[in-house]
Amino acid sequence: MLDIKFIRQNTELVRKKMLERGQEMDMSPFLNLDTRRRDILQDVEKLRNDRNTVSKDIGEKKKKKEDASEQIARMGEVSARIKSLDDELKKVEEELNAMIMVIPNIPHESVEYGTSSEDNPVIRVWGEKPRFSFAPKPHWDIGEDLKILDFERGAKITGARFTLYMGLGAMLERAIINFMLDLHIFDHGYTEVLAPFMVNRESMTATGQLPKFEADLFRVDQVDYFLIPTAEVPVTNIHRDEILSEKDLPIYYVSYSPCFRAEAGSYGKDTRGLIRQHQFNKVEMVKFSRPETSYDELEKLTANAEEVLQRLNIPYRTVSLCTADLGFSSAKTYDVEAWLPGQDAYREISSCSNFEDFQSRRAAIRFRREETGKLDFVHTLNGSGLAAGRTVVAVLENYQQADGSVVIPEALRLYMKGIDRIPAIG
RNA sequence: GGAGAGAUGGCUGAGUGGUCGAAAGCGAUCGCCUGCUAAGCGAUUGUACGCCGUAAAGGUGUACCGCGGGUUCAAAUCCCGCUCUCUCCGCCA
């Protein structure tokens, strides 16, 4: 969430920035409530002060066995007024809070203005696209032909957008996950985390999924918990309501988790294959940083994600999301898009974002500055490193062979018991 | 699932209606002292929000003793509900 004081003092700027995101906002209800809140607060605090003073006086009088009934009667009335003002204040604050919690983050000044993903500037392009002597197949055909992906049975077991991996397909996904974890742990200095896959409402609110995007989540029926849509949620919440030491920053975490997304409103999109699933595996990198260095950290984070594809020798490009495409909580996001020859397109495989203090303000994650002793909000960042299912897609499509088999990238063979190929059947 | 105990500041821990934002100890910071270290002495030591005010500061008010309600002129303290932690039993990977 944005700082309420910041909105108050920069109303026009906030309105303009929201417009750049494509969201028109009338700021006057906010300002009216904010003023109302401060007015009530002043009244009620004055009354409380009065009550505190007089109550002390009553106490002393009683001790001296003097009569205080007049004051007691008067304070009874004061208390009643405090109570009614408190009720009103609570209502105003709830309304104000409801408003502020659904205002998205302000895009960083380096984010380009745009109206759709078409406007995302391409920052980098890496790798040579493979050439085929045949028409490259999309991964759903490859997976079914090799009997490693079973979409029909996945749908039978659960429903649409759930997939069953079999044999070397299952092993490939597992190998990819382990390869990525090891890379980030041993080469990039991240600490591995294995966190709960269900979280409570507070955690979802802290990272920004709630209250606005409940429809995108799966909620557990018996308790008010949610299946995580990304490990970002439990991992960022590790330090919720904590004060970190400046010397401990930056903190790097990497975490494997399955991710559960309702994919509300995406009917008809990517209905075939592994691209858009209700459940998929992902390795997520999460950082807590000092504000001064968070944009350097974002560059490093993105480089860490890109390195996975480099080691797998899969072509990709990196784009910077324009104002219209930027996620709710993010101030700046790079998407890494892998080349998928079977679909003749680049597809998102990682999303790396700097949330600045948007999440840490919601989550109350602060650090104490050594120089001044003052508290400040940390900046939080995260990025996929990478989405495992989509990485399987990229391997299958880029490494497919004329005979229908798929070669295992060298970097993964250590994790595949040395197996170098998923053989064609028959 | 059943029974019981508990939750107080950075930590330990006192506090059963007013003098409690909270004793004491530890820790930390600053200063003094000391040949060095240790010890000793003194001071300081939370956060949020509002208001006044400044270049920075600072001042002031309110709230906060797990969370939410209630009683009362007045709640860390009494009452109700909830959450979490611990112990025992049951169940379980």
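Naming convention: chains lettered A, B, ... in sequence-line order (proteins, then strands); numbering from 1 in each chain. Because the structure is predicted, anything quoted here is derived from the model rather than measured.
A salt bridge (charged side-chain N to carboxylate O under 4.0 Å, His left out) check over residues 82-93 of chain A, counting only residues at least two apart or in different chains, returns the pairs A/Arg36-A/Glu88, A/Arg37-A/Glu93, A/Arg48-A/Asp86. Listed by first and then second residue, the side-chain hydrogen bond (donor to acceptor under 3.5 Å, both in side chains) pairs involving residues 151-162 of chain A are A/Asp150-A/Arg153 (not counting sequence neighbours). The list of salt bridge (charged side-chain N to carboxylate O under 4.0 Å, His left out) pairs with a residue in residues 266-281 of chain A, not counting sequence neighbours, reads A/Glu263-A/Arg276, A/Asp270-A/Arg276, A/Asp270-A/Arg347. Sorted by first and then second residue, the pairs that involve residues 192-220 of chain A and meet ring pair (Phe, Tyr, Trp, His ring centres under 6.0 Å), not counting sequence neighbours, are A/Phe213-A/Phe328, A/Phe218-A/His278.
Among A/Phe377, A/Tyr253, A/Phe367, the one residue that satisfies the ring pair (Phe, Tyr, Trp, His ring centres under 6.0 Å) test with A/His239 is A/Tyr253.
Between the CG atom of A/Asn97 and the P atom of B/rA48 there is a distance of 17 Å, given to the nearest Å. Here the P atom of nucleotide B/rG61 and the CD atom of A/Glu45 are 11 Å apart, to the nearest Å.
Qualifying salt bridge (Lys or Arg N to Asp or Glu O under 4.0 Å) partners for A/Glu112, counting only residues two or more places apart in sequence or in other chains: none. Under the ring-ring contact (aromatic ring centres under 6.0 Å, His included) criterion, A/Tyr295 pairs with A/His108, not counting sequence neighbours.
Heavy-atom distances under 4.0 Å link RNA chain B to A/Lys5, A/Arg8 of residues 2-14 of chain A, given in residue order. Of all the residues in residues 60-82 of chain A, A/Lys62, A/Lys63, A/Ile72, A/Met75, A/Gly76, A/Ser79 reach under 4.0 Å from RNA chain B with at least one non-hydrogen atom. RNA chain B lies under 4.0 Å from at least one heavy atom of each of the following residues of residues 366-378 of chain A: A/Arg366, A/Arg368, A/Leu375. Of the residues in residues 36-44 of chain A, those lying under 4.0 Å from RNA chain B by heavy-atom distance are A/Arg37, A/Arg38, A/Leu41, A/Gln42.
Using a 4.0 Å heavy-atom distance criterion, A/Asn52 is classed as a sugar-phosphate-only contact.
For RNA chain B, if you chain together Watson-Crick or G-U pairs that step i with j, i+1 with j-1 and so on, the runs of at least three with distances under 3.5 Å are B:1-7 with B:83-89, B:10-12 with B:24-26, B:27-32 with B:40-45, B:46-52 with B:58-64, B:66-70 with B:78-82.
Two residues, A/Ser55 and A/Lys90, neighbour RNA chain B, and the one matched to the more 5' nucleotide by heavy-atom proximity is A/Ser55.
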Nucleotides 80-83 of chain B: which of its N/O atoms have a protein N/O under 3.5 Å away?
none

